[in-house]
Amino acid sequence: MTDSAADALLPVNFIRARIDEDCAAHTYGQKVATRFPPEPNGFLHFGHAKSIFLNFGIAADYRAACPESYCNLRLDDTNPTKEETEFVDAIRADVAWLGFDTAGREFYASDYFERLYHCAERLIEAGFAYVDSQDADALRATRGTLTEPGTDSPFRSRSVAENLDLFRRMRAGEFPDGAHILRAKIDMSAGNINLRDPAIYRIRHAHHHRTGDAWCLYPMYDYAHCVSDALEGISHSLCTLEFADHRPLYDWFLDRLADLGEFTRPLPQQIEFSRLNLTYVVLSKRKLIQLVSEGYVDGWDDPRLPTLQGARRRGYTPAGFKLFTDRIGISKSDSLIDFSVLEDCMREVLNETAERRVAVLDPIKLVLTNFPADQREPCFAPNHPHHSELGKREIALTRELWIERDDFMAEPVKGFFRLTPGKEVRLRYGFIIQCTGFTADANGRVIEVQATYDPDTKSGTPGSESRKVKGNIHWLSVADAVPAEIRLYDRLFAVPAPGARREGDAPERDRDFLADINPESRHIQTGMVEPALAQCAPETRCQFERLGYFVADARDHQTGKPVFNRTVSLRDSWQKTGG
RNA sequence: UGGGCCGUCGCCAAGCUGGUUAAGGCACUGGGUUUUGAUCCCAGCAUACCUAGGUUCGAAUCCUAGCGGCCCAGCCA
C-alpha cells in the first residue's frame with residue numbers, strides 16, 4: 001500500500017484503475033498505449049489540456065511498469081473541408097508547450113487512408129457494408145427518431161459484387177459529392193441510433209491538407225478512429241462521454257476486422273470520461289471561432305480566450321495546468337469547475353517560481369518633504385521572499401516617489417491601514433513615513449501626497465524591526481521609474497454560464513452567449529515599473545509586489561517599451577471583505 | 001415501453017467484489033508567523049453518501065421502485 005512516496009502522488013481515477021489491471025496482467029504486452037487525437041480545425045483550449053495531461057501523463061507514468069508505453073499525437077484529419085495545416089502547427093506547439101515531446105510519435109489519420117480503404121473492401125466482401133444511393137434527405141427520413149426505429153434502405157440488399165464495383169468507382173471519382181455513401185449493415189431498428197447503418201465513407205471532391213487531390217472519398221470518424229487506434233497499437237482509447245454511444249460501433253468494426261484477419265486481439269478499448277466544464281468561459285469550438293472571427297477578441301491568442309495560446313500569452317504556466325488537471329481529477333460525472341480553481345492553481349505555481357518586482361499601476365506622486373532633493377538612498381529588495389538564493393537588487397529611494405493611488409485615502413474608511421493624513425506607514429524596503437498632507441486638483445482628485453520620513457527606521461538596519469507599523473506600501477522613484485503599458489484582464493464573460501437560460505427567460509431557449517460578454521474584460525493603462533522590467537525578455541513572468549502576477553507580452557513587449565499583461569491578481573482578503 | 005451515462009460536504013473526488021472513525025484536494029472558518037491585507041504554519045469543517053422501500057448481524061457499497069441531471073436523430077469530430 002505504501003510502496004513509495006511517489007506512488008502516493010500519482011493520480012487515482014477509474015481509468016488508471018482499469019489500466020492497472022491490464023498493465024499488471026500484461027494484457028497488451030509490455031505497453032500501455034494512448035493517443036491524443038485532436039481534429040486540426042481549430043486551436044486547442046483548456047479542455048484539451050485535460051485530455052493531454054491524461055493521455056500523455058498515463059503513458060509516461062506507466063513506463064515504469066510497462067516500459068514500451070507511449071502516447072501518440074494523432075491529427076484526426078478525415079474531413080478535408082475543415083482542416084488546415086495552420087492548426088496542425090499550433091496544436092503541435094501547444095502540446096510541446098505543455099511539456100510533451102511528440103517527436104517520432106506524430107501521426108495522421110490521413111496516413112491510413114489506403115489501409116482504411118482496404119479494410120472497407122473487406123467489410124463489403126464479408127457482407128458487412130453496402131453502398132447506399134439515397135440522398136441525405138432520404139437518409140434522414142429513414143433513420144427514424146429517438147423513439148421510433150428506422151427503415152431499411154432500398155439499396156441495403158445490393159450484391160457484394162455490385163457494392164464492390166460501386167465503391168471502387170466512388171474512389172475512382174466517377175460520382176459527384178453525395179451520390180453514394182458506404183454504410184455499415186447493422187440494424188435500422190437499434191435503440192442506439194449510431195447503429196442504424198451508419199455512414200462509413202462519403203464522397204468529397206475536395207483538396208486535403210496532406211493528401212492533396214489523391215482522394216475524393218473520405219472515411220467517417222466512427223470508422224477511421226477505431227481503425228487508426230488499432231493500426232497504432234493503442235491499448236486504451238480515452239475520449240469524452242458523448243462518445244459512449246459510439247463504443248458499440250467502435251467494437252463492431254474492430255471485431256469484424258479482427259475476424260477477417262486484419263487485426264489481432266486484444267483490440268484497443270474505448271473508455272470515456274467527462275469533459276471539462278468551466279465557469280465564465282466557453283469551450284465550444286464553434287463559439288471560440290465566432291469570438292475570433294467576429295472580432296470580440298484580438299485573435300486566437302487573445303489573453304482572455306480559454307485557448308492554450310491565449311493562456312500562454314496571459315502568463316498561465318504549463319505547471320499550473322498540470323496542477324489544475326490533477327486537482328480536478330477524472331471521472332464520469334458532469335462537473336462544473338469554478339474558474340477560480342484554475343486561477344488559484346496559477347497563483348500557486350507562480351508564487352513559487354515568479355521573482356518579485358515593483359510596479360505602480362495607477363501612480364500618484366509622494367513627496368518626502370524632509371528628504372534632500374539630491375539624495376539617493378540605496379534600498380535592497382529580495383527577488384523572492386522564500387528563496388534568498390535568488391538574490392536581491394538595489395532600488396534607490398529619492399525625494400519624489402510614485403505610489404499607488406489606492407494606497408492613499410484622504411478620508412479613510414474603516415479598516416484601511418495604508419497611507420492617510422497623520423498616519424504612519426512603511427515604504428517597503430525603505431523607511432517609515434508619516435503623511436503630513438496632500439493636494440488635490442479643482443475636481444477634488446488627489447494629485448500629490450506629502451510625508452516626512454524617519455531616517456532611523458530604514459529596513460534592514462538595527463532597530464528598524466522594533467518599530468511596528470501595519471501598513472506597508474510599495475513605491476518607485478520618479479527619477480528611475482519607466483512608463484509601461486499595463487493590460488489588466490478580467491473574465492471575458494460576466495456570468496458563470498455564458499449563453500445559458502436564466503431565471504425569467506423564456507423556457508427551452510438559450511440566450512445568445514455574446515450578450516453575456518463582459519464589457520470590462522480588458523483595461524489598458526500606463527503604469528510605472530522599475531528599470532529592470534524595461535529590459536526583460538518577452539514572456540518573462542514576475543510578481544508585481546502586492547498586485548499580482550504579470551508577464552511581458554509575447555508580441556508587443558520590447559526593450560525600453562515594456563508591455564505587461566496581468567496573469568492573475570494576488571488574493572486580496574481586504575477587497576474580499578468589502579473593505 | 002428508444003438508447004447510453006451520471007447523482008458522496010459550497011466545488012472537485014476516493015471508496016462501490018458489503019464490516020473504514022466516509023480518504024484527499026480546493027473553498028471556507030478560527031489561530032500563529034510575516035516589511036506583500038500575499039505566502040507559509042496549525043486547527044476545524046458530511047452520524048452522512050438523490051429519495052423510498054427491501055436483503056443482511058451489518059449497506060454509500062447488493063436488490064426493487066422512483067426522482068433529478070447530461071448526451072444521441074451530421075454524407076462533423
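Excluded from the calculations below are hydrogen atoms, water molecules and symmetry mates; all remaining heavy atoms, backbone and side chain alike, are included. What you see is a predicted model; the values in this text were computed from it and never measured. Every chain is numbered from 1 and lettered A, B, ... according to where its sequence line falls, protein lines coming before strand lines.
Take the nearest nucleotide of RNA chain B for Leu139(A) and for Asp344(A): the residue whose nucleotide is more 5' is Asp344(A). RNA chain B is contacted by both Ala199(A) and Glu242(A); Glu242(A) maps to the nucleotide lying nearer its 5′ end (nearest heavy atom per residue).
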Inset, instruction - Assign a letter to each nucleotide of nucleotides 37-45 of chain B from its 5' end: B, base within under 4.0 Å of a protein heavy atom; S, sugar-phosphate only; -, no contact. - result: BSB------
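What separates OH of Tyr221(A) from P of rG74(B) is a distance of 17 Å, to the nearest Å. Between the P atom of rC75(B) and the CZ atom of Phe167(A) lies a distance of 16 Å, rounded to the nearest Å. At whole-Å resolution of the value, CG in Asp407(A) and P in rU36(B) are 13 Å apart. Here rU33(B) presents its C1' atom at 10 Å from NZ of Lys468(A), a figure rounded to the nearest Å. Following rounding to the nearest Å, Ile337(A) (CD1) and rG10(B) (C1') show an atom-to-atom distance of 13 Å. Atom CG of Asp338(A) and atom P of rC28(B) are 11 Å apart (whole Å). Whole-Å rounding puts the Arg275(A) CZ to rA77(B) P distance at 16 Å. For the pair Leu336(A) CG and rC71(B) P, the interatomic distance rounds to 13 Å; values are reported in whole Å.
Here Gln134(A) lies in heavy-atom contact (under 4.0 Å) with a base. In this structure, Asp135(A) reaches the bases: a heavy-atom distance under 4.0 Å links it to at least one base atom across the strands shown. Residue-level contact check: Asp334(A) touches the bases, meaning some heavy atom is under 4.0 Å from a base atom. At the heavy-atom level, Gly460(A) lies under 4.0 Å from base atoms of the strands shown. Within the 4.0 angstrom heavy-atom criterion, no nucleotide atom of any strand lies near His180(A). Using a 4.0 Å heavy-atom criterion, one finds that Tyr218(A) contacts no nucleic acid atom at all. Leu195(A) comes within 4.0 angstrom of no nucleic acid atom, judged by non-hydrogen atoms across all strands.
Distances shorter than 4.0 Å separate none of the side-chain N or O atoms of Ser340(A) from OP1 or OP2 on rA27(B). Regarding contacts with the backbone of rC76(B), a side-chain N or O of Arg204(A) is found under 4.0 angstrom from either OP1 or OP2. Contact between the side-chain N/O atoms of Arg202(A) and the OP1/OP2 oxygens of rC76(B) is found at a separation under 4.0 Å. A close approach under 4.0 Å does occur between a side-chain nitrogen or oxygen of Thr78(A) and OP1 or OP2 of rA77(B). The phosphate of rC75(B) (OP1 or OP2) has a side-chain N or O of Arg143(A) nearer than 4.0 angstrom.
Taking the centre of each ring, Phe43(A) and Phe87(A) come in below the 6.0 Å mark. Taking the six-membered ring for Trp and the full ring otherwise, Phe321(A) and Phe46(A) have centroids separated by under 6.0 Å.
The backbone N or O of Gly315(A) lies less than 3.5 Å from a partner atom in the side chain of Arg541(A), making a donor-acceptor pair. The main-chain N or O of Ala120(A) is found under 3.5 Å from a side-chain atom of Tyr223(A) such that the two form a donor-acceptor pair. Side-chain atoms of Thr420(A) come within 3.5 Å of backbone N or O of Met409(A) as a donor-acceptor pair.
Using atom P as the reference point in both rG58(B) and rC70(B), the two lie 38 Å apart (nearest Å). As rounded to the nearest Å, rG54(B) and rA14(B) have P atoms that lie 31 Å from one another. Comparing the C1' positions of rA48(B) and rA23(B) gives a spacing of 15 Å, expressed to the nearest Å. Between rC50(B) and rA59(B), the distance separating the two P atoms is 15 Å to the nearest Å. A distance of about 16 Å separates the C1' atoms of rA60(B) and rA52(B), rounded to the whole Å. Comparing rA46(B) with rC62(B), their C1' atoms sit 23 Å apart, to the nearest whole Å. Comparing rC40(B) with rC26(B), their P atoms sit 9 Å apart, to the nearest whole Å.
For the residue pair Ser153(A) and Asp132(A), a side-chain donor N or O sits within less than 3.5 Å of a side-chain acceptor on the partner.
Listed nucleotides rU36(B), rC12(B), rC72(B) differ in distance to Leu146(A); the shortest reach to its side chain belongs to rC72(B). Listed candidates were rA77(B), rA73(B), rA13(B). Nearest to the side chain of Ser331(A) is rA13(B). Picking from rA73(B), rA14(B), rC75(B) the nucleotide with the shortest atom distance to the side chain of Asn13(A) gives rA14(B). Taking every side-chain heavy atom of Asp245(A) into account, rC72(B) is the closest of rC12(B), rC72(B), rG74(B).
Between Arg566(A) and Phe544(A), the closest side-chain pair of non-hydrogen atoms is not below 4.5 Å.
Figure legend: cation-pi geometry between Arg210(A) and Tyr108(A), with NZ or CZ positioned under 6.0 Å from the six-membered ring centre and within 45° of its axis. For the pair Arg171(A) and Tyr117(A), the cation-pi test (distance below 6.0 Å, angle within 45°) is passed.
Heavy atoms from other residues, nucleotides or ligands lying under 6.0 Å from NZ of Lys285(A) number more than 12. Counted within 6.0 Å of NZ on Lys423(A), heavy atoms from surrounding residues, nucleotides or ligands total 12 or fewer; the atom is thus considered open.
In rG74(B) the base sits syn relative to the sugar, since the glycosidic angle is no further than 90° from 0.
Relative ring orientation between His208(A) and Phe113(A) is described as perpendicular, the plane-to-plane angle rising above 60° on a 0-90° scale split at 30° and 60°.
Counting only Watson-Crick or G-U wobble pairs whose defining distances are both under 3.5 Å, the stems of 3 or more consecutive pairs in RNA chain B are B:2-7 with B:67-72, B:10-12 with B:24-26, B:28-32 with B:40-44, B:50-54 with B:62-66.
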